[in-house]
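Just below is one structure, and these are the notes that go with it.
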Amino acid sequence: MNKPRLRFAPSPTGSPHVGNIRTAVFNYLYCRHNDGTFILRIEDTDRERCTEGSLEEIMLSLRWMGMDWDEGPEVGGDYGPYFQSQRLDIYKKYAEELIERGRAYRCYCTKERLEELRKYQESNKLPLGYDRRCRELGLDERARLERENPEPVIRFAMNIEGTTEFDDVVRGHLVFDNSLQDDFVIIKSDGYPTYNFANVVDDHLMQITHVIRGEEFISSTPKHVQLYEAFGWKAPIWVSVPLILDERRRKLSKRSDTQTRFVSYIEDGYLPEAMLNFLATMGWSSGEDKKIYTREELIQQFTLEGISTSAAVFDLARLNDLQGEHVRLLSVDDLAGRLIPFLKEAGYIGDPPTPSDLEYLKRIVPLIQPRLVLLKDAPDMMLYFYRDDFDYEEKGARKYLIKENSPQLLEVVAEKLGSLHEWSCTTIERAVREGGISLNMEGGQVIHPVRVAITGRTVGPGLFELMDVIGKDRCVARLRRAADWARSRLEVVESQTSS
RNA sequence: GGCGCCAUGGUGCAUCGGUUAGCACACGGCUCUUUCAAGGCCGAAAGACGGGUUCGACUCCCGUUGGCGCCGCCA
């Protein structure tokens, strides 16, 4: 049996979006599951909509997800070029061939006429579509029209009798009435092919075996099927995957409130593992109740039969849950490594990080790992490990620091800690608690003020573990600083109340 | 408007003729605990509707309704 060949064929008309990448995921997983060839083909046939930089973002996104392509831009291959804009002569040749066979024709209709036609059809509630005026033209008329519009398009002459049928792996047997079909444009007046044409020609030439694409293409598949028939080519296996919907249950688009730019998820510090897990399980299921999949499991278990028929709503909460799970699955070293870029940017560690930077980081990571979701939030969560001059959180300060006996408590604890010979969670805990007891305070009464003094915050990892990492001298200094600060604030409060 | 696709809790999935309809997220409560997470326990929450087929339908068929998609010299 021949190895499958699949392609992901985005058009570089902007930043890739989540829906695009999900389609790529299915193609990629099927490919790897079946030891096939994964091809990246760039469908840059709309010169007006192509944007600078989007190709780079597409490639970056795929690589970030670990979905490297076997053929395509930057890696080459035997079926190139992989940019449709570099294959214009090929499309021209095949379009001419169709004209010779009577299966395509030049159309001289102007955009104005097409627009009028459309308006007429709309206002009279007629089916929309080209009226085939140029399909059967006499020589004289053709010459006349050519003078009027020297840049004709080429349209495919659809078979308008009977039906066009095909099998879709996900949808089953599909039947479309040919009388409703449109003579669609295959070559535009600027000489570029349309998607409907270039896609078919390239899929054939590149020997694509399976076309896995969004279900929005179901309606245009009859066009493609007829093209294959007209050329006498064997059509690929059609696989129409369900759409991803936004919060309003519309096809995911730039207008959705849901963030659709894929690279923004990279910037936010999502893990490629989590993203892959999330995207693969939207519209696909292995059949078992399972939440976390590794890349290897996905590749091993992915089959076309598991693709569902109904569209799925993009649920950020689920993505975040998966993200948290994958963060917790990482080893300390691994997570530390992935945090480095974010910490460099925050200025917490050097570039490159020193061995002591790394050593310190690896002591912090276990403390934040259970509560970290987005990697980009790590610097803020780690602030007090790297900075001593932080501000006290307003609410926490009011509740725990600006209190009658707080300065004294903090100083007593500082004293106890300062005299410690051994610095460990257990000795720290004992010292802190004893400090409290000497003032008739216990548990939360002492721990909360100390936490705010040490971290500036009311929430975070276990207090003694975090103090252990921060170190004795810094902890003592912070307690004294907090005591002084609290005392000064207390005086302000007093003078205000007495006046 | 035409054509097509789809239809299990709020969301993502499981169950592919016989189940008290299962899991996860989110939500609520409890628990652990110095806080926040993570974890554990509990709870609320679903087969759109109507006909068939069948001993028996969430599951198969038809219709209705609803949602979505497409109808471009976009892809």
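Letters A, B, ... are given to chains in the order of the sequence lines, protein chains preceding strands, and every chain is numbered from 1.
Contact between the side-chain N/O atoms of A/Arg433 and the OP1/OP2 oxygens of B/U34 is found at a separation under 4.0 Å. Between B/A75 and A/Arg49, no contact under 4.0 Å exists linking OP1 or OP2 to a side-chain N or O. Contact annotation: A/Lys291 side-chain N/O to B/C25 OP1/OP2 distance is under 4.0 Å. Listed pair A/Arg249 / B/U11 meets the phosphate criterion, a side-chain N or O lying under 4.0 Å from OP1 or OP2. Side-chain nitrogen and oxygen atoms of A/Ser219 include none within less than 4.0 Å of the OP1 or OP2 phosphate oxygen of B/C5. For A/Lys111 and B/G72, the shortest distance from a side-chain N or O to OP1 or OP2 is not below 4.0 Å. Distances shown here put a side-chain N or O of A/Arg250 below 4.0 Å from the OP1 or OP2 atom of B/C68. For the pair A/Lys188 and B/G72, the criterion of a side-chain N or O lying under 4.0 Å from OP1 or OP2 is not met.
Between the P atom of B/A24 and the CG atom of A/Leu316 lies a distance of 21 Å, rounded to the nearest Å. Atom CE of A/Met158 and atom C1' of B/C71 are 12 Å apart (whole Å). A/Asp131 places its CG atom 13 Å from the P atom of B/G72, with the value rounded to the nearest Å. If you take CZ of A/Arg371 and P of B/U33, they are 16 Å apart, rounded to a whole angstrom. Note: OH (A/Tyr130) to C1' (B/G2) measures 20 Å, nearest angstrom.
Applying the ring-ring contact (aromatic ring centres under 6.0 Å, His included) test to A/Tyr82 and every residue at least two apart in sequence or in another chain returns nothing.
Here B/C58 sits opposite no nucleotide as a Watson-Crick or G-U wobble pair (both hydrogen-bonding atom distances under 3.5 Å). The partner of B/G10, taking Watson-Crick or G-U wobble pairs whose two distances both stay under 3.5 Å, is B/C25. Searching all strands for a Watson-Crick or G-U wobble partner of B/C73 with both distances below 3.5 Å returns nothing.
When each of B/C73, B/U34, B/C13 is scored by its nearest atom to the side-chain atoms of A/Ala312, the top-ranked nucleotide is B/C13. Closest to the side chain of A/Thr194, from the set B/C73, B/A37, B/A7, is B/C73.
In the displayed structure, A/Glu52 atom CD is contacted under 6.0 Å by at most 12 heavy atoms of other residues, nucleotides or ligands.
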